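The next block holds one structure in the form of structure tokens; read it before the comments.
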Amino acid sequence: MNREHDLPPQKQDSASQPTLWEFVRLAEYHVPSPAGASAALEKWASLKQLFRSDDRDEQAPVKSEDELRMLSQSRLQDLHLARPIDWRSAATALDTALADWLRPDNPGTPVRFVIGQPHCGHPEILAQWAADHGASAIEAPSVEQILGGDEHWLQAWPASDNLWVLAKLEHCYLRHADGLGLVRRLLERAANGALGRGVIACDSWAWAYLQEVWPLAQPDALTLQAFDARRLSRYLAELVSCPGQGGLRFCNARTGKEVRLQLDASKAEASPEITHLAAYSRGNIGSAWTTWRGSLRAAPDQEQDQEATAKAGETRPGAKAAADADIVWVSAIRQEAALPTEKGEAMAFILHALLLHNGLPAALLPELLPQPAHRIASTLLQLQALGVVALADGRCQVSAPADAVVREFLRRRGFLKDAF
Amino acid sequence: MDTPKLFKTLGAGTLLEVLLIVALATTLIVAAQKLLPWLADQLHGKRRLYLLAIVPLLRLGILVVTFVLIVPLIVEPSLQNMVALLGTVGLALGFAMKDYASSLIAGIVAVSEMPYRNGDWIEINGIYGEVTHIGMRTVQVLTADDNLVSIPHLRLWNDPIFNANCGRPQLQCAADFYLHPVHDAAAVKSVLQDVALTSPYLFFDDPIMVVVHEKPWGTHYRLKAYPIDARQQFRFISDLTVRGKAGLLRLGVSFATAPPVAGKEA
């Protein structure tokens, strides 16, 4: 992975509009980097945190954060931020990236890999792509099949002339002494063409682990290009640039300055807030979107007025009131999930296991970790209460708001991490 | 001819100055010995070990500076005086406090050569543990049984010192398995590799190895791997052993048992 500042200057200085959704090779992923001063400030803030528990800014904010409220569901609906990310455009971008490989006369590798960061929607993208191409969608094996090394799962593969898609490779193995055999056989058969042509998508953390389990050089593996400040600014601008949102303004709650979202990202530099958000989320659109959504605030009277206006179907009198109503405050305080103060070994193991499998059923954790089941259960409950872990489709997952914190926590302790 | 004076006449001002220097040096040493280990505990991996290793170096530096500042205050700084003073001190130490002086000098050598640093896991004379403090005369080692053992630096001169991690956060651990000789050794190796690969303690940048020795009574397997942090070594070995045994039992191999010997524990 590269940092943005490693790019050759002519590429960075290019004023052309970047493609919003783009799939690139893993080595071409450019992690957005913060501006120099911002990076130094981050380091200074983390150093100060070692010595100070109460870190208040001396400068008086334009809007007191305590007085501001989270946006209501209806307001989020108005701003088109209530729904999850629509991955159809990403599926189209994947189609473009795989166009050459899809040609019937292409003698290239039988299987292509797509690596996605957590919350970057690789299963949804692959499902959409499979539907577009009429490809068979392969379900991940059950826990029993994985631990038993059940060959039937591989034998039930579609005929080799059918295009297939395996959207969740991370659910095809377990970090258990008996949980690696099946995925090794799968990767071996996929690589030697025994399974025909298909696309395998894998979570980035699981991919890092599977590279240790069955090292397989995949220079052509694709990933969604990072949402740097320009892309992110454009994506957020597109979300709110619907009819009826013309006068909407986002303002930093501390400085009062407008956070400009650029539809045409080549025109100007992105706002510092967006640059910071892109760097904080390391180009992960899922994480950036969740953080952005969580940072939006409204003044209490503003919310009530908007609800009343919506009910009455009329506009508020007075220009000042109307202008206020169109301001969405962007909280300057980062809304990230906090890890428990007691950061024991059990917690680190649970978080790492959840990331390596992109979520696990809670009942399975004692099978994989050395801690006793009751200890795991209590730690998991604590993490759920703090919003670090969330339940999705019966699996405990590291939540999107906690993604960056958990990643940093595990990185500092020397755990295996993904390549992003 | 006047006899040269060795010591200066100490006035109240000089005495106060000496006391102030000593007090300041003591405060700095105590602060460094408290603050840096505390700060190191907030960090992980190499950063932690670097900070811990700085402590004795810093203390030695402070002591040297203190000595250089104090000596000219109480001794007339002529060559003759210095030779006389150092000669006397050397004689006293050499005869009366030979071992103590040897330990002090070995302490200085230990700080400069670094055969062990704070945070290292060392073995001296069968005592194995983590170096928690390098003093002027002794090194303190915390063993796995939670005993704090003080070992004089003097050992440095003659005894071998085994350092398991040499300033790195990781060290090699080995879990032993003793199997009945009739089994599929390749399958056992494969199972043990996966046992290490699936341990949550595993550090991935270092290799996993399975070493096999054929013995008259059976086959001895050593599963070697590195945990993320050296302090996890005993839990890591336990985890490898527990899951290794379970994996081998599932494979259907039998464990070797030593025949009972009369008068000895089995």
Side-chain angles (χ1 to χ4, degrees), chain A residues 46-52 146-149 173-184 205 208-215 341 343-357 360 365-372 376 408-419, chain B residues 35-36 38-49 51 168-171 175 187-208 223 225-251:
Chain A
S46 69
L47 186 67
K48 275 200 299 184
Q49 269 185 348
L50 279 177
F51 298 98
R52 290 170 61 175
I146 294 172
L147 293 177
Y173 81 99
L174 285 169
R175 198 181 181 186
H176 184 281
D178 293 335
L180 304 178
L182 192 62
V183 78
R184 278 194 184 115
W205 287 75
Y209 182 68
L210 289 173
Q211 291 291 294
E212 305 287 340
V213 170
W214 205 77
T341 44
K343 298 178 186 71
E345 194 172 87
M347 192 183 83
F349 285 173
I350 289 170
L351 292 171
H352 196 229
L354 295 183
L355 281 172
L356 289 189
H357 296 87
L360 278 169
L365 278 167
E367 297 289 324
L368 310 184
L369 302 179
Q371 279 76 24
I376 291 172
E408 184 60 11
F409 169 72
L410 295 173
R411 186 192 68 78
R412 284 191 178 180
R413 279 158 179 77
F415 282 84
L416 178 76
K417 62 178 174 55
D418 67 5
Chain B
L35 187 68
L36 288 179
W38 175 82
L39 202 59
D41 278 345
Q42 314 299 312
L43 303 170
H44 299 270
K46 280 184 181 169
R47 289 177 182 175
R48 172 179 174 267
L49 294 178
L51 266 187
R168 285 188 67 214
Q170 292 81 29
L171 52 73
V188 169
K189 268 188 77 175
S190 173
V191 165
L192 292 180
Q193 282 269 0
D194 278 0
V195 163
L197 203 52
T198 52
S199 173
Y201 293 101
L202 183 74
F203 181 68
F204 283 89
D205 289 0
D206 286 316
I208 299 168
L223 172 56
Y226 295 75
I228 295 167
D229 192 300
R231 288 170 293 179
Q232 296 171 330
Q233 60 185 293
F234 302 108
R235 295 194 293 282
F236 182 46
I237 293 170
S238 302
D239 183 53
L240 293 178
T241 307
V242 169
R243 292 183 316 104
K245 282 189 80 168
L248 293 172
L249 284 172
R250 281 196 295 273
L251 196 65

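Throughout, a chain's letter reflects where its sequence line sits, starting with A, and its residues are numbered from 1. The shown structure was predicted, so the numbers you read here are calculated from the model rather than taken from an experiment.
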Are L416(A) and F203(B) close enough, and set up right, to give a side chain to side chain contact (heavy atoms under 4.5 Å, CB included), and what steps lead you there?
CA-CA 7 Å; L416(A) 178 76; F203(B) 181 68; over 6 Å; no

Please evaluate residues L202(B) and F415(A) with respect to the criterion side chain to side chain contact (heavy atoms under 4.5 Å, CB included), reporting the C-alpha separation (whole Å), side-chain torsions for both, the decisive distance (0.1 Å), and the verdict.
CA-CA 8 Å; L202(B) 183 74; F415(A) 282 84; over 6 Å; no

Could you look at R411(A) and say if it's the side chain, the backbone, both or neither that has a heavy atom under 4.5 Å from chain B?
neither

Counting only non-hydrogen atoms closer than 4.5 Å, does H176(A) touch chain B with its backbone (N, CA, C, O), its side chain (CB onward), both, or neither?
both

Given R243(B), R250(B), R48(B), the one with more heavy-atom pairs under 4.5 angstrom with chain A than any other is R250(B)

Are R175(A) and D194(B) within salt-bridge range, i.e. N to O under 4.0 Å?
no

By a 4.5 Å heavy-atom criterion (distance strictly below it), what part of S238(B) contacts chain A: side chain, backbone, both, or neither?
neither

Heavy-atom closest contact (A177(A) atom, V195(B) atom, distance)
CB-CG2, 4.1 Å

Side chain, backbone, both or neither: which part of R47(B) has a non-hydrogen atom closer than 4.5 Å to chain A?
neither

Distance-minimising heavy-atom pair for T198(B) and L180(A)
CG2-CD1, 3.7 Å

Please find the pair of heavy atoms, one from D239(B) and one from P370(A), that lie closest to each other, and give the distance.
OD1-CB, 3.7 Å

Basic-acidic side-chain contact under 4.0 Å: R413(A), D229(B):
no

For Q371(A), is it the side chain, the backbone, both or neither that has a heavy atom under 4.5 Å from a heavy atom of chain B?
side chain

If I measure from the heavy atoms of chain B, does L356(A) come under 4.5 Å with its side chain, its backbone, both, or neither?
neither

Any chance you could measure L368(A), atom CG, to S199(B), atom OG, to the nearest 0.5 Å?
11.5 Å

Between CZ on residue R231(B) and CD on residue E345(A), distance to nearest 0.5 Å
10.0 Å

